[in-house]
S.K.: 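Pasting in a structure now, in structure tokens, and then I'll have a few things to ask.
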Amino acid sequence: MADIKVIPVYKKKDITKFVKFHNDLYADCPYAVPELYMDQYNTLGEKNAARDFCDAQLFLAYRDDKIVGRVVAIINRKANETWNRKCVRFGWIDFIDDDEVSKALLDTVEQWGKERGMDEIQGPLGFTDMDPEGMLYEGQEELGTMVTIYNYKYYMDHMERHGYEKDADWIEWRLIVPRETGVPERLLKVSSIVEKKYGAQIVKFKKAKQIAKAYGREIFDVINAAFAPLFGYSELTDRQKDQYVKMYLSIVDPKLVSTIADKDGKLIGVGICMPSLSEALQKCKGKLFPFGWYHLLKALKWKHANHLEMLLIAVRPEWQSKGVNALFFKDLLPYFISEGYEWCETSVELERNSKVQSQWIYFDGRIHKRRRCWKKSIK
């Protein structure tokens, strides 16, 4: 059998090959969601603001001049300093079901990290928590999302055979929208108490640009404060905040954004949802042109899917455990119901984060996906 060659890549045309390999590998899988080329150019290219504190290298694995795997090696210097670790991350990893291929990719990341003083490898992780993270080990029969990783089940066996062990696990919930019964009475009572006792208030906007103008960076200040204690988190910089404001807050549906302020108008919490774009992305196969944009625009504006994705919920630490999360659902659930959504999918949450999981007591639902971050010492 021919040797595996793992080659570093740099140019945009190579990023195209990098993304195309993923999309081709899962082309016949009804649950996988193609990566959007334009989105990956922005994330994996040098213009990504995370490159200010991350070193990274993309690699493609070849056998007989055919691409058989891919991976990104990343050193997040800020995260390593915060958590007192010397870790090289692997992200965007995909490979055919061949141990030689997966081992060659992981060995390449290990060596790349070792040459830069790292003594541990972990992943799959992105540059920051804003990128997809966690290898899927339960839920391959569930539809994937635009913002999470989908992978075949054989990936897990490869990781175990190559000597990797669990570093952290995440879970995701599928929650039923209470279309028949309406907003739960218990939830309304809690939200009323929070409003009267603490002066917290729901702040709504008619246009996405108004959200960006009113709160912009402040939204990401809340995210920084809320996510700071979580596994592997590294604080977003001002340049990252500006990049995300421009990238995301300009396109969100304000009806699906819930901002909570204190009695003085200071932002204390934010919840952002969006209609699922999974089926639209499957139709456009990751390309906006010539007609891919139509499928995405249709899913966003004209005929949405039957479910939503909760991209994030973040509350300032001093306001956590005061029932602020009830205000998000008091605000958003009536819109979910009026628009005919049947269910929603939560973002990834650490399996040990009981504080976050307690907010789902108001809903009928189930855990439908589990993910893992792996680790291994570099010898």
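Start at 1 with the first residue, then count along the sequence.
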S.K.: Just one of Lys86, Lys376, Arg85, Lys379 clears the salt bridge (Lys or Arg N to Asp or Glu O under 4.0 Å) bar with Glu120, so which one?
M.R.: Arg85
S.K.: Test: ring pair (Phe, Tyr, Trp, His ring centres under 6.0 Å). Region: residues 120-145. Which pairs qualify, not counting sequence neighbours?
M.R.: Trp92-Phe127
S.K.: Test salt bridge (charged side-chain N to carboxylate O under 4.0 Å, His left out) on Arg217 and Asp238 and set out the steps.
M.R.: CA-CA 8 Å; Arg217 280 188 183 181; Asp238 286 344; 3.4 Å; yes
S.K.: Would a distance-only check, ignoring hydrogens and angles, find a side-chain to backbone donor-acceptor pair under 3.5 Å from Gln357 to Leu350?
M.R.: yes
S.K.: Which of these, Thr43, Val9, Leu58, sits in a side chain to side chain contact (heavy atoms under 4.5 Å, CB included) with Ile15?
M.R.: Leu58
S.K.: May I ask you to test the Met130-Met247 pair for a side-chain heavy-atom distance under 4.5 Å?
M.R.: no
S.K.: Once rounded to the nearest 0.5 Å, what's the spacing between atom CD1 of Ile171 and atom CD of Glu138?
M.R.: 10.5 Å
S.K.: Is the shortest side-chain heavy-atom distance between Leu125 and Cys373 below 4.5 Å?
M.R.: yes
S.K.: Are the side chain of Asn23 and the backbone N or O of Pro34 linked by a donor-acceptor pair below 3.5 Å?
M.R.: no
S.K.: Given side chains that start at C-beta, do those of Phe329 and Ser191 come closer than 4.5 Å, heavy atoms only?
M.R.: no
S.K.: Identify, with sequence neighbours excluded, every residue that meets side-chain contact (heavy atoms from CB on, under 4.5 Å) alongside Val356.
M.R.: Glu349, Asn353, Gln359
S.K.: Can you spot which of Val101, Ile4, Ile67 makes a side chain to side chain contact (heavy atoms under 4.5 Å, CB included) with Tyr62?
M.R.: Ile67
S.K.: Name all residues meeting the side-chain contact (heavy atoms from CB on, under 4.5 Å) criterion together with Cys344; count only those two or more places apart in sequence or in a different chain, and write none if there are none.
M.R.: Leu175, Leu308, Met310
S.K.: If you round to the nearest 0.5 Å, how far is CH2 of Trp360 from CH2 of Trp173?
M.R.: 9.5 Å
S.K.: Can you list the residues that meet the salt bridge (Lys or Arg N to Asp or Glu O under 4.0 Å) rule with Arg89, with sequence neighbours excluded?
M.R.: none
S.K.: Could you give the distance from NZ (Lys298) to CG (Leu277), rounded to the nearest 0.5 Å?
M.R.: 13.5 Å
S.K.: Has Asn151 got a side-chain atom pairing as donor or acceptor with Asp94's backbone, closer than 3.5 angstrom?
M.R.: no
S.K.: Report the distance from atom CG of Asn48 to atom CD of Glu46, rounding to the nearest 0.5 Å.
M.R.: 9.5 Å
S.K.: Could you see if Ile93 belongs to whatever hydrophobic cluster contains Tyr154? Use Ile, Leu, Val, Met, Phe, Trp, Tyr and a side-chain cutoff under 4.5 Å.
M.R.: yes
S.K.: How about Thr16 and Tyr41: does a side-chain donor come under 3.5 Å of a side-chain acceptor?
M.R.: yes
S.K.: To the nearest 0.5 Å, what is the distance between CG on Asp14 and CD1 on Ile7?
M.R.: 10.5 Å
S.K.: Mind checking salt bridge (Lys or Arg N to Asp or Glu O under 4.0 Å) for Asp52 and listing every partner two or more places apart, or none if nothing turns up?
M.R.: Arg239
S.K.: One thing to verify: whether Asp262 and Lys266 come together as a salt bridge, which I'm taking to mean a side-chain N less than 4.0 angstrom from a carboxylate O.
M.R.: no
S.K.: Is it true that the NZ or CZ of Lys78 lies under 6.0 Å from the centre of Phe53's six-membered ring and within 45 degrees of the ring axis?
M.R.: yes
S.K.: Do Phe328 and Val222 land in one hydrophobic cluster if side-chain heavy atoms of ILVMFWY residues count as linked below 4.5 Å?
M.R.: no
S.K.: Tell me whether Asp99 is salt-bridged to Lys103, with the criterion being a basic N under 4.0 Å from an acidic carboxylate O.
M.R.: no
S.K.: Please work out which of the three classes, parallel, tilted or perpendicular, describes the rings of His162 and His158, given edges at 30° and 60°.
M.R.: perpendicular
S.K.: Arg371 and side chain to side chain donor-acceptor pair (under 3.5 Å): which single residue from Glu172, Glu133, Glu351 fits?
M.R.: Glu172
S.K.: Working to the nearest 0.5 angstrom, can you tell me the gap between Ser234 OG and Arg77 CZ?
M.R.: 11.0 Å
S.K.: So which pairs with a foot in residues 338-348 pass side-chain hydrogen bond (donor to acceptor under 3.5 Å, both in side chains), sequence neighbours left out?
M.R.: Asn306-Glu342, Glu345-His368, Glu345-Lys369
S.K.: Between Lys204 and Asp331, does at least one N-O distance fall below 4.0 Å, as a salt bridge requires?
M.R.: yes
